[in-house]
Amino acid sequence: MLLLTDPQDKETVLALYMNQRWWPVEDVVKTADPSRDGLISVQTFGERIVLFVLNYIIFGMPEGNSANDAFFLPHSATECAKILWRNGEAVAFYSVKMKGSLCDGTTSQCYLLPVLDTIFVQRKYRRGGLGMKMLHDFCQSFKTEDALGISCPISAAMYQVCLKYLQTYPEEQKRLWEVEAPGDWSQRVNIWLKIQMESSLSGIPFLDGSKNIFIMAFGRLNVLSYKGMEYILDVEKEAGGTTGK
């Protein structure tokens, strides 16, 4: 596969060369198949190409220039992923590191829980609930798992998606964790608790709307009670880091 870039801007891809012809980028992510609607698992070689274009070309070059955006490496040939199709166009995707899969090619460590690794919505389709739709699909795909991960670091925009999702589905508050590979307990931070901690003010008690969380700050030491469980949280507000014990 060859890429044709703009002579004036080498980071802008204009077309891809496949099957003995050039294809405009916007045409590669479109389909005439009416059955392609909603979230569909990536299985075929053609779907792998669409995933590559969404991740590496559309997000990686023209759209991935915001300071709030994460940076995604190209997916492997066997990456577990879903593409969100709408009106004949691939508008978003997310990928998952499966429980038991290798963390990378240089270690024998395996993921200890399913992890939502990458998620992206084309800019023109944002603010339409698609991020929340994909997060919900991820959680519903692993109903029997006690814990689910989202790869660290989580972007500010994704934290907003998580906040809205966990407010809508409070039963998921205990299940979602921000994780570093492979995801053992020392590498997990509960997302809901972290959101609540970062919204609290030092020295001021915080009680969330569900009355399940109470935070009292004592200088740099915060004691948090969550549904009968107590946590001691060391808060570094300037670094934005929290650890739970």
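Residue numbers count from 1 along this sequence. Just the heavy atoms: all of them, side chains too, but no hydrogens, waters or symmetry mates, feed the values below.
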Practice task
Look at the side-chain heavy atoms of Ile, Leu, Val, Met, Phe, Trp and Tyr, link any pair under 4.5 Å apart, and say whether M132 and L84 land in one connected group.
Solution key: yes
Problem - Ion pair check, E145 and K99, cut-off under 4.0 Å - result: yes
Problem - Value rounded to 0.5 Å, distance of CG in L148 from CZ in F142 - result: 7.5 Å
Practice task
In plain terms, say whether E79 and K97 are close enough for a salt bridge, that is, a side-chain N and a carboxylate O under 4.0 Å apart.
Solution key: yes
Handout entry: Heavy-atom side-chain contact between W192 and L176 under 4.5 Å
Key = no
Practice task
Measure from NZ or CZ of R21 to the centre of the six-membered ring of W23 and say whether it is under 6.0 Å with the direction within 45° of the ring axis.
Solution key: yes
Exercise for the section: Using side chain to side chain contact (heavy atoms under 4.5 Å, CB included) as the criterion, list what pairs up with E180, not counting sequence neighbours. Expected result: C152, Q187
Handout entry: Ring center gap for W185 and W177 short of 6.0 angstrom
Key = yes
Exercise for the section: Could you tell me the separation between the OH atom of Y111 and the CG atom of L102, rounded to the nearest 0.5 Å? Expected result: 10.0 Å
Handout entry: K82 side, atom NZ; Q43 side, atom CD - distance, nearest 0.5 Å
Key = 10.0 Å
Problem - Expected output: side-chain Q122 to main-chain A90 donor-acceptor under 3.5 Å - result: yes
Problem - Approximate separation, where rounding is to 0.5 Å, of Y125 OH and N87 CG - result: 6.5 Å
Exercise for the section: Flag yes if V53 and I40 sit in one hydrophobic cluster, no otherwise; membership is Ile, Leu, Val, Met, Phe, Trp, Tyr, and two members link when side-chain heavy atoms are under 4.5 Å apart. Expected result: yes
Handout entry: Pair D37 + R86: basic N to acidic O under 4.0 Å
Key = no
Fill in the blank from the handout: Rounded to the nearest 0.5 Å, the OH atom of Y165 sits from the SG atom of C139 at a distance of 3.5 Å
Handout entry: R36 side, atom CZ; W85 side, atom CH2 - distance, nearest 0.5 Å
Key = 5.0 Å
Practice task
Using the side-chain contact (heavy atoms from CB on, under 4.5 Å) rule, pick out the option among V115, L135, I119 that qualifies with I150.
Solution key: L135
Handout entry: Enclosure of D146 CG (heavy-atom neighbours >12, cutoff 6.0 Å)
Key = no
Exercise for the section: Go through the steps for K194 and M197 under the test side chain to side chain contact (heavy atoms under 4.5 Å, CB included), then give the verdict. Expected result: CA-CA 5 Å; K194 186 173 181 179; M197 280 301 302; 5.6 Å; no
Problem - Side-chain heavy-atom pair R188, E178 within 4.5 angstrom cut-off - result: no
Practice task
Look only at the side chain of D184 and the backbone of L112, and say whether a donor-acceptor pair between them is shorter than 3.5 Å.
Solution key: no
Problem - Heavy-atom pair with the smallest gap, counting every atom of Q173 and N190 - result: O-ND2, 3.0 Å
Problem - Contact check, side chains of V91 and V121, non-hydrogen atoms, under 4.5 Å - result: no
